[in-house]
Amino acid sequence: PANTTTMPPEHITILKDLHLTTDLRDGAKIIVPSDAAWAPLRHRLQKLIESRAGVNLPLVPAEVVCLDDLRDHHWVVLGNAMVNPAIMALYRRQYAFVDELFPGGDGYAIRTVHNPRNLGHNVLIVGASSPAGGEAALRQLETRLDENGGCFGYTNLCRSDLIESLLPDMAPEAYLEWAVGKFEEQMGYYPLEQGAVLGLVHHLTGNRDCARMFRDSFFHYEDLVRNRHGGNWRFEHMLFNYAWIWRLFVAWDLIEESDAFTDDERLRITNILWGLTRFVSELPYFDADEPPALEIRQNHWTFAGLSGSTSAEYFATYYGIAGFEKQLGFCQAVFDGQAPSYKPNDDAAGGWWGYCYLVPYHQVFYDLRRDDARFLEGGQLRDFADYGVMVTDSMGIQVAFGDLWGYRQFGTHEVAYRHKAVSVDLAMLLCTAAWYYEDGGYLWALDWMGGRPYPGCYYRALPKSPPERLAGVT
């Protein structure tokens, strides 16, 4: 690529070290929330590990640790991102989707995170949305410790009432038939984006069919690239690769160690990602001699910034591939330009979709992965969340403007009311604003609009009430 000085061979030939084993007997610390409601569980977890693994691991308050501590030892983390800052640090980097939405209630999520950021050690998440879920997690963990004596392989155990709503309504065979058909119709974007989402769903649910559908989506895509299109990763104009490549990297970093994949499959997927990384590095967004000017952005720029940064960071971090410095600098400039303003260079929204919601969500995603809260601290996220409410009519229906539409049948409010919907990006922004500003009015607004929260939205179960300061503006 134009932005590198040296390049490795065409293909990755050796997988990275997967760090598949998390042996608590080698040394670990239990990172715990300070919230008094979790106090009994802290000591029970410590005693449980001591009785089954024969090691007395220290309890460490989450407020005094940082991710770099993983260079020295494994972590066992208890709770969720809203009560445990160590889990929040993983959450911001898309390694731990455990908050007060997921797993929810008395559900639990016991998972291993393998060598995050190539720091050298692993994390065992004993995750729950509430102390009641923590109780259930400890019971499940006790069974697993009886089996392994404190030496964990890849682990993904989850109980959640949300699982059924996340799973696809197709069997793998039917999904592959659908995906093949979409490519034949020149609509390959849909199975590729859906494939990336199914990778995330595999992580959240442990469902092996989702892993199979993820694999099949990208193996079929690669077959078309190499056997029919001469190595062209964008053989359809509307594949819009850089709109979903960042999601693919997030998903793969979560599930690469899953026992649903063989090493041969892992290596093949890694080479698909490497091909896409080279494709992204040659996008015109990264061609200039100097970074882009600092200005508000249109969503294609921020899509390129997300895909350019996640892909380069993955291969630089885990495979030691150098030469992405210019590309990463350009990505930083993309988001530095948008950061001071809540308003992007997009004016279109309506119904379940909205171009204007993309850039602010991308900004939040990019910044929080770097522990940068500038867009939140400066109030830009609040201003945009308010904007999302203000472009909604008094019945909670997103109105149409720009090149989108809000009403399913023009002029038929009754139909629109029955089919209210909110874009995923706006739903994520409203939930994130509710968490950061401690304002349950945004959760009320999401319900009013007919939307719902999604895993990874920084969900905090705040009391919901109408945002009175916005009364009368819609």
Side-chain angles (χ1 to χ4, degrees), residues 1-20 114-115 117-118 179-180 183 188-189 191-193 195-196 199 211 214-258 260-289 303-331:
N3 62 300
T4 62
T5 56
T6 60
M7 288 297 297
E10 183 75 14
H11 299 289
I12 305 296
T13 58
I14 301 175
L15 277 175
K16 70 175 189 179
D17 184 348
L18 295 174
H19 287 250
L20 286 175
H114 299 264
N115 191 27
R117 312 302 293 175
N118 200 25
V180 170
F183 277 108
Y189 170 87
L192 292 172
E193 183 182 52
F214 168 89
R215 180 201 66 195
D216 289 349
S217 293
F218 291 99
F219 281 8
H220 180 68
Y221 171 50
E222 185 199 28
D223 287 342
L224 294 175
V225 168
R226 301 198 188 283
N227 301 328
R228 188 184 298 182
H229 297 285
N232 180 7
W233 293 97
R234 190 182 182 182
F235 53 78
E236 294 176 17
H237 171 66
M238 287 307 295
L239 276 183
F240 197 8
N241 304 58
Y242 55 96
W244 49 262
I245 286 173
W246 62 286
R247 295 186 189 276
L248 173 59
F249 274 88
V250 168
W252 185 239
D253 207 3
L254 283 168
I255 66 175
E256 183 172 7
E257 297 83 9
S258 170
F261 303 104
T262 67
D263 278 349
D264 285 345
E265 290 171 339
R266 291 186 181 106
L267 187 59
R268 183 175 176 185
I269 294 170
T270 299
N271 275 294
I272 292 171
L273 267 65
W274 178 237
L276 290 167
T277 298
R278 292 165 66 95
F279 164 82
V280 169
S281 71
E282 295 171 348
L283 289 171
Y285 301 99
F286 307 122
D287 271 351
D289 293 330
F303 273 128
L306 289 183
S307 289
S309 58
T310 53
S311 58
E313 287 164 357
Y314 177 87
F315 281 103
T317 299
Y318 293 115
Y319 286 88
I321 298 175
F324 291 112
E325 292 80 11
K326 175 185 172 185
Q327 178 174 317
L328 290 171
F330 277 43
C331 295

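Predicted model, so just to flag it, every value in this text is computed and none were measured.
- Applying the salt bridge (charged side-chain N to carboxylate O under 4.0 Å, His left out) rule to Glu265 yields the partners Arg215; only residues at least two apart in sequence or on another chain are considered.
- A distance-only check finds no donor-acceptor pair linking the side chain of Asn271 to the backbone of His11 [under 3.5 Å].
- For the pair Glu256/Leu18, a side-chain contact is recorded, criterion being any heavy-atom separation below 4.5 Å from C-beta on.
- Shown here for Ser309 and Leu306, the closest heavy-atom pair between the two residues is OG-O, 3.1 Å.
- Scanning for ring-ring contact (aromatic ring centres under 6.0 Å, His included) contacts around Phe249 gives Tyr314, with sequence neighbours left out.
- Taking CD1 of Ile12 as the reference point, atom CH2 of Trp274 lies at 6.0 Å (rounded to 0.5 Å).
- Residues forming a salt bridge (charged side-chain N to carboxylate O under 4.0 Å, His left out) with Asp264 (at least two apart in sequence, or on another chain): none.
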For Tyr318 and Thr270, what are the C-alpha separation, side-chain angles and deciding distance, and is it a side chain to side chain contact (heavy atoms under 4.5 Å, CB included)?
CA-CA 11 Å; Tyr318 293 115; Thr270 299; over 6 Å; no
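- Counting all heavy atoms, side chain and backbone alike, Ala251 lies closest to Ala196 at CB-O, 3.6 Å.
- One distance of note links CG of Asn241 with CG of Leu276; it measures 6.5 Å at 0.5 Å rounding.
- Aromatic ring orientation, Phe315 versus Tyr319: tilted (interplanar angle from 30° to 60°).
- For Phe240, the ring-ring contact (aromatic ring centres under 6.0 Å, His included) partners are Tyr242, His300, Phe303, not counting sequence neighbours.
- The side-chain hydrogen bond (donor to acceptor under 3.5 Å, both in side chains) search around Tyr189 returns Glu193, not counting sequence neighbours.
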Please lay out, stage by stage, how Phe218 and Ile269 fare under the test side chain to side chain contact (heavy atoms under 4.5 Å, CB included).
CA-CA 8 Å; Phe218 291 99; Ile269 294 170; 5.8 Å; no
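- Side-chain N or O atoms of Trp252 include none that pairs as donor or acceptor with a backbone N or O of Gly199 at under 3.5 Å.
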For a side chain to side chain contact (heavy atoms under 4.5 Å, CB included) check, start with the C-alpha distance between Val280 and Phe286, then their side-chain angles and the critical distance, and finish with the verdict.
CA-CA 9 Å; Val280 169; Phe286 307 122; 3.9 Å; yes
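- Scanning all heavy atoms of the two residues, the minimum distance from Leu267 to Thr13 falls at CD2-O, 3.8 Å.
- Distance CG/Leu273 to CZ/Arg266: 14.0 Å, rounded to 0.5 Å.
- At least one test fails for Arg234 against the ring of Phe279: distance under 6.0 Å to the centre or angle within 45° of the axis.
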Trp233 and Arg226: side chain to side chain contact (heavy atoms under 4.5 Å, CB included), yes or no, with the steps?
CA-CA 9 Å; Trp233 293 97; Arg226 301 198 188 283; 3.6 Å; yes
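- Of the inter-residue distances, the one linking Tyr221 atom OH with Leu192 atom CG reads 6.0 Å to the nearest 0.5 angstrom.
- Using the six-membered ring where Trp is involved, Phe214 and Phe261 have ring planes that are perpendicular, over 60° apart on the 30 and 60° scheme.
- Within the 4.5 Å cutoff, no side-chain heavy atoms of Lys326 are placed close to those of Leu328.
- Of all heavy-atom pairs between Ile272 and Phe219, the closest is CD1-CD1, 4.0 Å.
- Taking all atoms of both residues into account, the shortest heavy-atom contact from Leu283 to Ala304 is CD1-CB, 4.4 Å.
- Between the side chain of His19 and the backbone N or O of His114, no donor-acceptor pair lies under 3.5 Å.
- Residues that satisfy the ring-ring contact (aromatic ring centres under 6.0 Å, His included) test with Phe183, not counting sequence neighbours, are His220.
- In this structure, Gly308 and Gln327 approach most closely via the heavy-atom pair O-NE2, 2.8 Å.
- Of the possible donor and acceptor atoms, none in the side chain of Arg247 sits under 3.5 Å from a partner among the backbone N and O of Gly195.
- Remark: side-chain polar atoms of Thr277 are not paired, donor with acceptor, to backbone N or O of Ala312 under 3.5 angstrom.
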